[in-house]
Amino acid sequence: MFIELYHHKGHQCLMFCDTCVEHGEAVQANQFLIVDDDTGAIIDPGGNLAYSELYLGMTRHFPPHQLSAILASHADPDIIASLDRWMTATTAPVYISRVWERFVPHFCKPGKTAGRVIGIPDAGLRIRVGRGELWALPAHFLHAEGNFQFYDPISRILFSGDLGASMGRQVDPRQPVTSLSAHIAAMEGFHRRYMVSNKVLRLWARMVRTLDIAMIVPQHGAPMAGAAVREFIEWVQDLSCGIDLLGDAHYSVPTAAD
Ligand SMILES: [Fe+2]
Ligand SMILES: [Fe+2]
């Protein structure tokens, strides 16, 4: 089932979070459906594990041909591996970084994506969805080379992709976190390994401080709301991660055998 993150005057933001929890091998992932009256968009539709429930959820709100956009923060399997099925079941284009524009057709049967991949330029884009827009904000190297987050100015939700992700048994994606301190343990290891450098975290923090953000909702784990929004931005801008932490010892020829 889904969680309603926002619902006002025909504009809804829905989160699907349990489509692959029961499959222990696969990391928990959230998918999002933005509904604006009789149309909408999906954000980070996920892999094949997530497809059926998200598709059913969408058809409860509008017919498949009225889906106006499939938005992908980057090209990882948990983001967009179901693309072939979405290309078959709808007529919507997929928006993804220009960096990945010619790579995503590999998820699909030949010809399936012809004329339907819209490359988002590095500087980002305001994408019309129904009466409103979703803003593709640059989030490059957080964590993929070409990476966008999607900000909804109506709900004031920032869909942050892998940034802000939380993992572990103690994390409940249905329960927004409003104070960060107890939540850091569920985020720290992931951010130190998957985010590329402190420099890009600081650039990102400077950009998002200009936005009015009610909620930061990552693609894994729990949404952050209330004081946790500001606390997350402050925490992450001071975090050392990725290449900040690497040295000679990390690039040695291995001696371990399988
Ligand atoms: Fe990713
Ligand atoms: Fe992810």
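This chain uses plain numbering: 1 for the first residue, then up along the sequence. Numbering of ligands and ligand atoms starts at 1, following listing order.
Enclosure of atom CZ in Arg193 is not indicated, since only 12 or fewer non-hydrogen atoms of other residues, nucleotides or ligands lie within 6.0 angstrom. Dense packing is recorded around CZ of Arg131, with more than 12 heavy atoms of other residues, nucleotides or ligands lying under 6.0 Å away.
For His143 and His191, the distance between ring centers is not under 6.0 angstrom. Ring pair His140/Phe148: centre-to-centre distance below 6.0 Å.
Distances from the Fe ion (ligand 1) to each N, O or S atom of His74 single out NE2 as the nearest.
Gln149 and Asn147 form no side-chain donor-acceptor contact under 3.5 Å, judged by distance and modelled atom types alone.
For the side-chain hydrogen bond (donor to acceptor under 3.5 Å, both in side chains) test, no residue two or more places apart in sequence or in another chain qualifies with Arg206.
Near-neighbour remark for the Fe ion (ligand 2): protein N, O or S atoms under 2.8 Å are Asp78 OD2, Asp162 OD1, Gln219 OE1, His220 NE2; waters not counted.
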